[in-house]
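See below for the structure under consideration.
Hydrogens, waters and symmetry mates are skipped; everything else that's a heavy atom, side chains included, is used.
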Amino acid sequence: MSSPSSAAPRLRSFVLKISSRCNLACDYCYVYFKADASWRNRPKLMSSEVVHEAIKRIASYAEIESLDRVQIVLHGGEPTLVGARRFDDLCRYAVSTLAPRRVDIVLQTNGTLLTPAWATMLAHHNVHTSVSVDGTQASHDLHRVDKRGNGSYASVARGVEELKRASATFSALCVIPLGENPHEVMTALKGMGFESIDFLFPDMSYEEHLAATREFGETPVADFLIPLLDEWIVRGDLSGGVRILRQVAELVMGGRSRVDTFGSGSLPYVFVEADGTIEGLDVLKVCESGLTATSLNVSRHGFHDYVRSDSFSAMVSRGELPLPDDCVECSESATCAGGYLPHRYRNDARERASKFNHSSIWCKDIKAIFHRVRVLLRVDSNETLRRRSALEHIRSQRGAG
């Protein structure tokens with residue numbers, strides 16, 4: 001293992017992939033239908049032994065790092081496949097083992113298996129439930145289908161209704177449906193009861209992106225988000241937060257990145273696969289097989305071993321990949337910083353790092369979005385740098401005090 005990097009992240013979020021299987025077959029899924037098929041060799045469900053070992057490792061890391069708060073994200077595959085009873089036991093074990101620290105538990109789910117019992121249990125443990133739903137029923141059912149090819153929207157809607165009845169907290173995670181009317185999508189999501197919405201750029205290869213732009217135009221993501229941006233800023237409609245728009249506005253105003261879509265810094269989270277393997281940014285599975293692989297496992301290693309390791313996955317977590325050559329002279333190099341790492345990948349080099357030496361496939365969209373925010377907020381790139389410098393000075397002064 002290498003010596004610790006000066007950029008080694010301070011982990012705060014621990015993603016446990018408690019199921020390596022899913023009851024849906026979404027056609028864009030980076031786990032099951034892209035380059036990496038490592039899920040096939042993993043147990044279908046994370047065993048109780050692996051769960052307990054992972055949580056004990058989290059507690060040890062939190063003790064050494066003096067963390068008073070940690071986030072545990074329960075992920076998959078589809079994590080509700082473990083069953084409500086096991087999930088309940090997991091929550092209880094996590095809270096008791098990590099006490100007296102605050103434990104924020106998040107469930108990332110497709111929502112189709114949520115029942116009254118599930119919703120009541122999630123509310124009891126104050127679990128925040130992030131539900132994957134792609135806008136209108138038509139756009140959702142086009143991509144998010146079950147193993148027989150049937151749309152899943154009706155099942156998701158039933159699950160969300162259960163969350164509402166139980167007064168559980170929940171939000172939407174929506175892959176941007178290219179070519180769809182953004183206002184219709186927002187109306188549909190708000191109609192389901194979502195007040196907080198996180199839109200994701202679609203994960204595509206370079207070739208898939210070329211096909212998408214031929215069908216939907218050169219900037220389909222910007223074409224979707226900018227009308228929502230105009231409504232948010234111009235009309236002052238601050239209800240129903242859209243996280244990616246808030247993040248762009250914060251970056252333009254000199255703030256720090258709080259999402260891995262922009263910023264290109266170290267990543268404050270880590271993944272534990274169903275067999276206990278410790279890995280980093282799992283969306284790299286969309287690129288090629290083995291990019292996230294490590295030889296580390298919670299049965300033998302702690303999370304400090306991961307952040308100090310010489311694996312490519314840890315190198316990514318430490319933010320050690322350089323800015324792409326094409327981005328160095330860009331006026332948004334300090335804000336976008338190359339965009340989301342998986343969207344920079346092309347299989348055109350032998351060295352792994354060199355395969356990411358490209359601007360994002362969504363570069364034109366990102367530039368259009370940032371430009372629109374700057375026009376609306378009347379903040380140019382030089383003003384952003386001045387504001388960032390001032391904010392960093394204030395933070396350093398507070399730290400010194």
Side-chain angles (χ1 to χ4, degrees), residues 22 24-36 110 132-153 156 172-189 197-231 242-245 248 259 261-262 283-288 324 326-327 330 332 336 338-348 355-356 358-373:
C22 189
L24 296 186
C26 307
D27 60 11
Y28 54 65
C29 182
Y30 66 83
V31 175
Y32 304 109
F33 299 112
K34 298 297 182 179
D36 192 310
N110 61 39
S132 294
V133 55
D134 288 351
T136 65
Q137 182 167 1
S139 60
H140 180 100
D141 284 346
L142 182 64
H143 301 286
R144 300 190 64 80
V145 298
D146 63 22
K147 301 298 177 64
R148 296 182 178 180
N150 299 314
S152 61
Y153 186 88
V156 177
L173 188 66
C174 178
V175 175
I176 293 172
L178 304 181
E180 295 291 323
N181 183 306
H183 297 298
E184 290 180 1
V185 170
M186 285 295 290
T187 298
L189 292 171
I197 300 160
D198 195 7
F199 285 110
L200 301 179
F201 285 45
D203 295 320
M204 294 180 174
S205 67
Y206 178 73
E207 291 74 21
E208 289 170 330
H209 175 260
L210 288 177
T213 55
R214 284 194 294 267
E215 181 176 0
F216 301 111
E218 284 203 346
T219 56
V221 165
D223 294 343
F224 181 89
L225 288 177
I226 286 177
L228 302 180
L229 177 66
D230 289 348
E231 182 175 323
V242 177
R243 186 171 71 150
I244 193 169
L245 299 183
V248 173
V259 297
T261 311
F262 307 116
V283 188
L284 289 177
K285 296 178 190 295
V286 76
C287 301
E288 68 177 65
D326 292 342
C327 301
C330 178
E332 299 297 349
C336 163
Y340 198 30
L341 190 61
H343 301 161
R344 290 166 40 184
Y345 175 86
R346 292 189 204 174
N347 190 16
D348 61 354
K355 295 178 181 182
F356 295 89
H358 306 284
S359 57
S360 169
I361 57 173
W362 301 113
C363 178
K364 290 182 180 179
D365 300 79
I366 294 169
K367 285 181 177 178
I369 294 165
F370 272 88
H371 174 73
R372 185 60 179 165
V373 171

Quiz item: Quick one: OG on Ser152 to CG on Asp146, what's the gap to the nearest 0.5 Å?
Solution: 7.5 Å
Self-check item: Spacing of CG belonging to Asp134 relative to OG belonging to Ser139, to within rounding of 0.5 Å
Solution: 6.0 Å
Practice problem: Please answer whether the main-chain N or O of Ser132 pairs with a side-chain N or O of Asn110 as donor and acceptor at a distance below 3.5 Å. | Solution: no
Practice problem: Report yes if the side chains of Tyr340 and Val283 come closer than 4.5 Å at any heavy-atom pair, otherwise no. | Solution: yes
Exercise. Take Asp203 and His343 through the test side-chain hydrogen bond (donor to acceptor under 3.5 Å, both in side chains) and record every step on the way to the result.
Key: CA-CA 7 Å; Asp203 295 320; His343 301 161; 2.8 Å; yes
Quiz item: Just by modelled atom types, is the Val185 backbone N or O under 3.5 Å from a matching donor or acceptor in the Thr136 side chain?
Solution: no
Quiz item: What are the two closest non-hydrogen atoms of Cys287 and Ala35, and how far apart are they?
Solution: O-CB, 3.4 Å
Quiz item: Can you name the residues that form a side chain to side chain donor-acceptor pair (under 3.5 Å) with Lys367, not counting sequence neighbours?
Solution: none
Quiz item: Can you check whether Leu284 reaches Phe356 side chain to side chain, under 4.5 Å on heavy atoms?
Solution: yes
Quiz prompt | Distance in Å, His143 NE2 paired with Cys26 SG, rounded so as to fall on 0.5 Å steps | solution = 10.0 Å
Quiz item: His371 and Glu332: side-chain donor and acceptor closer than 3.5 Å?
Solution: no
Quiz item: Got Phe224 and Pro177 here, is their nearest side-chain heavy-atom distance under 4.5 Å?
Solution: yes
Self-check item: Close side-chain approach of Phe201 and Ile244, heavy atoms under 4.5 Å
Solution: yes
Quiz item: Under 3.5 Å, is there a donor-acceptor pair between the side chain of Asp198 and the main chain of Arg243?
Solution: no
Quiz prompt | Nearest heavy-atom neighbours spanning Tyr30 and Lys285 | solution = O-CB, 3.9 Å
Practice problem: Taking only Lys NZ, Arg NE, NH1 and NH2, and the carboxylate oxygens of Asp or Glu, determine whether Lys34 and Glu288 approach each other closer than 4.0 Å. | Solution: no
Quiz item: After noting the C-alpha distance and the side-chain angles of Leu200 and Ile176, does the key distance pass the side chain to side chain contact (heavy atoms under 4.5 Å, CB included) rule?
Solution: CA-CA 6 Å; Leu200 301 179; Ile176 293 172; 6.0 Å; no
Quiz item: Would you find a donor on one side and an acceptor on the other, under 3.5 Å apart, between the side chain of Asp365 and the backbone of Ala222?
Solution: yes
Quiz item: Is Tyr32 close to Cys22 at the side-chain level, that is, under 4.5 Å between some pair of heavy atoms?
Solution: yes
Quiz item: Which pair of heavy atoms, one from Pro324 and one from Ser359, lies closest together, and at what distance?
Solution: CB-N, 4.1 Å
Quiz item: How long is the span from the CZ atom in Phe33 to the CG atom in Asp36, to the nearest 0.5 Å?
Solution: 14.0 Å
Quiz item: Does Lys364 NZ have over 12 foreign heavy atoms under 6.0 Å away?
Solution: no
Quiz prompt | Residue from Asp230, Ile366, Thr219, Ile369 passing side chain to side chain contact (heavy atoms under 4.5 Å, CB included) with Leu225 | solution = Ile369
Practice problem: Quick one: do Phe370 and Phe262 satisfy side chain to side chain contact (heavy atoms under 4.5 Å, CB included)? Show the steps, please. | Solution: CA-CA 11 Å; Phe370 272 88; Phe262 307 116; 4.0 Å; yes
Quiz prompt | Ring-face cation of Arg346 near Tyr206 (centre distance under 6.0 Å, axis angle within 45°) | solution = yes
Practice problem: Evaluate the side chain to side chain contact (heavy atoms under 4.5 Å, CB included) criterion for residues Arg144 and Asp27: first the C-alpha distance (whole Å), next the side-chain angles of each, then the deciding distance (0.1 Å), finally the verdict. | Solution: CA-CA 7 Å; Arg144 300 190 64 80; Asp27 60 11; over 6 Å; no
Quiz prompt | With sequence neighbours excluded, residues passing ring pair (Phe, Tyr, Trp, His ring centres under 6.0 Å) with His209 | solution = Trp362
Quiz item: For the atom pair NE2 (His140) and CG (Leu189), what is the distance rounded to the nearest 0.5 Å?
Solution: 10.5 Å
Quiz prompt | Shortest non-hydrogen contact from Lys355 toward His358 | solution = O-CD2, 3.3 Å
Quiz prompt | pair Ile197-Met186: side-chain heavy atoms closer than 4.5 Å | solution = yes
Practice problem: Work out which heavy atom in Val145 is nearest to a heavy atom in Leu142; give both atom names and the distance. | Solution: CG1-O, 4.5 Å
Quiz item: Step by step, would you call Leu228 with Leu245 a side chain to side chain contact (heavy atoms under 4.5 Å, CB included)?
Solution: CA-CA 9 Å; Leu228 302 180; Leu245 299 183; 4.1 Å; yes
Practice problem: Measure across Ala172 and Val133 and return the closest heavy-atom pair with its distance rounded to 0.1 Å. | Solution: CB-CG1, 4.0 Å
